[in-house]
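Inspection log for the structure reproduced underneath, given as structure tokens.
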Amino acid sequence: MSELHFYNSYTRRKEKFESITPGYAGLYVCGPTVSGESHLGHARPYITFDVVQRYLKHLGYKVRYVRNITDAGHFEEEGREATDKVDEKAKLEKLEPMELVQKYTNLYHWGMHLFNCEDPAIEPTATGHIIEQISMIETIIEKGYAYEVNGSVYFDVKKYAGNYPYGKLSGRVLDDQLETSRDLDGQDEKRNKADFALWKNAPPEHIMRWKSPWGDGFPGWHIECSAMSSKYLGETFDIHGGGMDLQFPHHESEIAQSTIAHGHPPVRYWIHNNMITINGKKMGKSYNNVIKLSELFSGNHPILEQAYHPMVVRFYILQTHYRSTLDFSNEALQASERAIRRLWEAYELLQKLNHPGNTEAQDKTLDQQVVAWCNELSDFMNDDFNTAKVIGNLFELAPVINGIKGGQVAAGALSSGTFAMLKDTFKIFLEDILGMQPLQAQQSNNLDNVLSILIEIRKDAKKRKDFATSDQIRNKLAEGGILLKDEKDGSMSYTIE
RNA sequence: GGUCGCGUAGCCGAGUGGCUAGGCACAGCUCUGCAAAAGCUGCUACAGCGGUUCGAAUCCGCUCGCGACCUCCA
């Protein structure tokens with residue numbers, strides 16, 4: 001049995017995971033800025049890290065999963081309009097900032113639940129941790145790595161880079177940052193262009209503002225994650241996750257701040273998921289090509305040919321390794337939809353199947369193959385969370401399951417032990433680890449009763465060779481999205497589209 | 001311009017130097033009153049050029065194409 005290894009962005013290689021406290025794992029993931037609705041691109045990290053934390057739990061770790069909510073708003077720390085995004089949007093929509101934040105937080109939670117993402121253990125907000133952030137900034141100033149100018153506080157990147165490995169995570173050289181040709185407003189406050197804001201002075205019109213030793217203002221973007229992760233996971237914790245686009249400057253800055261404040265780097269393992277693209281371009285607000293989650297689920301977007309069920313989207317994301325880019329297309333989503341429907345039906349069938357009870361496999365070759373396929377699943381997860389390979393193997397198993405029902409595979413082909421293992425393994429990986437759910441809600445008893453009546457009538461018609469009636473029942477139901485299937489044993493089943 | 005990454009069959013996509021990943025689509029067959037579903041079979045690709053090697057999609061070099069970050073961004 002292999003052990004968990006995954007790619008550490010910090011060292012740029014796969015490493016064996018060893019948690020700081022045996023049996024416990026701390027995971028921090030950068031959550032959303034709730035100044036707008038989440039889109040398909042946002043879904044990827046949340047689903048990716050949901051699987052990561054599910055797998056850690058599966059391995060027996062007690063996981064503390066912390067995923068923040070950025071509700072204080074980011075701003076251009078390099079100057080320009082040092083305005084609070086949340087605040088700006090609020091004025092447009094004529095809402096209180098906190099009302100806006102609440103609205104998008106609720107929408108975000110709605111999406112996460114539809115995706116069947118488990119709630120984090122702690123979901124801290126930036127506005128709820130202003131004191132912690134101020135305190136951390138004070139420490140950094142005391143240690144001589146930050147300076148105040150006109151009520152704002154900046155981190156001294158050049159000084160930091162002289163004593164610590166600045167740029168290691170994102171593969172950046174400080175000199176390049178210092179020589180950037182960008183000429184942005186507010187640069188004059190900084191000693192160097194690479195410096196970033198820890199605290200920004202708030203202009204009078206700014207609604208979101210807090211008192212600080214440097215006057216009224218609001219925290220810099222990066223400091224919230226440093227303050228909250230260390231508060232709940234410790235000054236050094238196991239895993240920090242987020243999208244690749246956050247590597248620089250956000251995560252690089254987190255490392256710098258925490259290293260100064262605490263005297264050592266904050267994180268053992270960094271995990272970054274790749275982007276979702278659309279027509280080859282990253283999906284993001286700067287490209288104006290986003291598909292919001294509500295649009296995705298309703299199909300209400302010019303690009304979308306249909307609505308896509310959250311589980312289809314989840315499956316689509318997990319079919320690709322998290323470190324590869326994933327290109328959106330209707331064709332790809334539709335392929336995923338058919339695939340997960342077929343896989344889920346095989347899974348449901350498996351849970352209903354009974355084994356004849358023979359302890360010896362009648363087909364030893366197949367039995368061994370099934371055991372091998374099942375055992376490989378852990379190896380795949382242990383090798384950098386390779387959900388794509390896990391799904392591949394589940395599809396290898398599907399024909400065995402369907403074959404047992406269809407008669408192409410003998411009922412006792414597998415030993416009772418292997419059969420039981422197959423059942424358990426399928427459940428654990430598909431439901432518990434990949435976090436998949438059925439595409440359709442549990443049918444109501446009423447509907448089931450009605451359909452039973454129709455099925456009985458159709459059976460009678462077929463017996464009388466009254467195919468006009470039997471076909472009419474089947475065709476009319478199909479128009480309503482209910483598909484009848486004649487099983488080999490003479491029974492009938494139905495699925496709802 | 002700097003740094004990093006990618007280019008795999010009709011489409012999506014996994015790939016640890018040697019052994020058909022997988023999915024979707026398509027075609028044929030089995031089953032079936034007919035369908036659907038399911039099963040079986042087929043479709044065997046690695047941007048181009050060179051190099052290393054007994055052997056390369058996988059390592060190295062060059063060329064072409066694409067993208068990400070360098071500015072808010074998952």
Side-chain angles (χ1 to χ4, degrees), chain A residues 12 14 29-33 35-36 38-49 73-80 85 167 170-173 175-177 179-182 184 194 221 241-250 272-277 280-287 290 315-316 319-321 323-340 342-343 345-346 349 380 383 386-396 398-409 462 465-467 470-471 474-475 478 483-488 493 495:
Chain A
R12 288 158 207 271
K14 282 185 198 170
V29 173
C30 288
T33 301
S35 58
S38 296
H39 60 72
L40 174 59
H42 296 121
R44 196 168 193 193
Y46 306 133
I47 290 171
T48 297
F49 292 106
H74 296 167
F75 36 79
E76 329 284 349
E77 87 276 0
E78 287 225 319
R80 276 197 275 192
K85 280 196 306 196
S170 55
R172 235 145 278 259
V173 181
D175 289 349
D176 296 341
Q177 302 305 123
E179 285 166 17
T180 175
S181 58
R182 284 168 197 286
L184 305 168
W221 172 30
M244 265 184 185
D245 49 354
L246 295 182
Q247 244 178 12
F248 189 89
H250 186 53
H272 291 96
N273 63 275
N274 214 318
M275 301 292 104
I276 288 183
T277 58
K281 280 261 189 292
K282 174 184 166 184
M283 185 177 287
K285 46 185 174 257
S286 6
Y287 295 105
V290 301
F315 190 73
Y316 158 75
Q319 267 183 305
T320 306
H321 187 88
R323 283 194 289 118
S324 300
T325 52
L326 172 56
D327 197 49
F328 167 89
S329 70
N330 281 287
E331 228 181 336
L333 260 304
Q334 284 159 13
S336 288
E337 177 169 336
R338 293 187 185 223
I340 183 56
R342 190 164 85 83
L343 189 63
E345 276 191 33
L349 173 61
F380 294 157
D383 184 10
N386 199 326
T387 54
K389 278 188 151 189
V390 168
I391 290 170
N393 262 30
L394 293 179
F395 272 106
E396 296 282 10
V400 178
I401 297 163
N402 289 326
I404 290 173
K405 187 196 177 206
Q408 298 90 345
V409 176
K462 279 185 70 175
K465 302 229 186 280
D466 176 7
F467 296 124
S470 67
D471 284 355
R474 188 176 61 196
N475 295 340
L483 302 177
L484 286 187
K485 284 189 277 188
D486 294 348
E487 303 292 351
K488 290 223 174 77
S493 63
T495 54

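Reminder, nothing fancy here: chain letters follow the sequence lines and each chain counts from 1. What you see is a predicted model, and the numbers here were worked out from it, not measured in a lab.
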Determine the interatomic distance between [atom1] on [N] and the same-named atom on [M]; round to the nearest Å.
N      : M      : atom1 : answer
B:rC11 : B:rU20 : P     : 23 Å
B:rG13 : B:rG7  : C1'   : 13 Å
B:rC72 : B:rU16 : P     : 35 Å
B:rG23 : B:rG42 : P     : 13 Å
B:rA45 : B:rG2  : C1'   : 35 Å
B:rG17 : B:rG65 : P     : 30 Å
B:rC4  : B:rA38 : C1'   : 47 Å
B:rG33 : B:rU41 : C1'   : 26 Å

Looking for any heavy atom pair under 4.0 Å, which part of the strands does [X] touch: base, sugar-phosphate only, or nothing?
X        : value
A:Gly280 : sugar-phosphate
A:Gln247 : nothing
A:Leu394 : nothing
A:Phe380 : nothing
A:Met275 : base

Between [X] and [Y], what is the shortest heavy-atom contact and its length?
X        : Y        : value
A:Leu246 : A:Cys30  : CD1-CB, 3.7 Å
A:Ala478 : A:Leu483 : CB-CD2, 4.1 Å
A:Gly241 : A:Phe49  : CA-CZ, 3.5 Å
A:Met244 : A:Arg323 : CE-O, 4.2 Å

Check against side-chain contact (heavy atoms from CB on, under 4.5 Å), A:Leu349 and A:Asn402: CA-CA 8 Å; A:Leu349 173 61; A:Asn402 289 326; 3.5 Å; yes
What's the closest nucleotide to the side chain of [X] if the choices are [options]?
X        : options                : result
A:Asp471 : B:rG33, B:rG22, B:rA68 : B:rG33
A:Lys281 : B:rG22, B:rA74, B:rG67 : B:rG67
A:Arg172 : B:rA68, B:rG2, B:rA74  : B:rG2

Complement of [N], any strand, by Watson-Crick or G-U distances under 3.5 angstrom:
N      : value
B:rC54 : B:rG18
B:rG10 : B:rC24
B:rC49 : B:rG61
B:rA68 : B:rU3
B:rC29 : B:rG39

A:Asp245 with A:Lys282: basic N within carboxylate O range, under 4.0 Å: yes
Stepwise side-chain contact (heavy atoms from CB on, under 4.5 Å) check, A:His321 with A:Asn386: CA-CA 6 Å; A:His321 187 88; A:Asn386 199 326; 4.0 Å; yes
Heavy atoms of other groups near A:Arg12 CZ, more than 12 under 6.0 Å: yes
No-H, no-angle donor-acceptor pair, A:Ser170 side chain to B:rC69 base, under 3.5 Å: no
Aromatic plane relationship, A:His42 with A:Tyr46 - under 30° parallel, 30 to 60° tilted, over 60° perpendicular: parallel
Contact letters for nucleotides 35-42 of chain B, in which S counts primed atoms plus P, OP1 and OP2 and B counts the base, heavy atoms under 4.0 Å: BBSBSS--
Contact letters for nucleotides 11-18 of chain B, in which S counts primed atoms plus P, OP1 and OP2 and B counts the base, heavy atoms under 4.0 Å: SSSSS---
Side-chain H-bond candidate by donor/acceptor type, A:Thr495 with A:Glu345, under 3.5 Å: no
A:Thr48-A:Asn273 side chain donor-acceptor pair, cut-off 3.5 Å: no
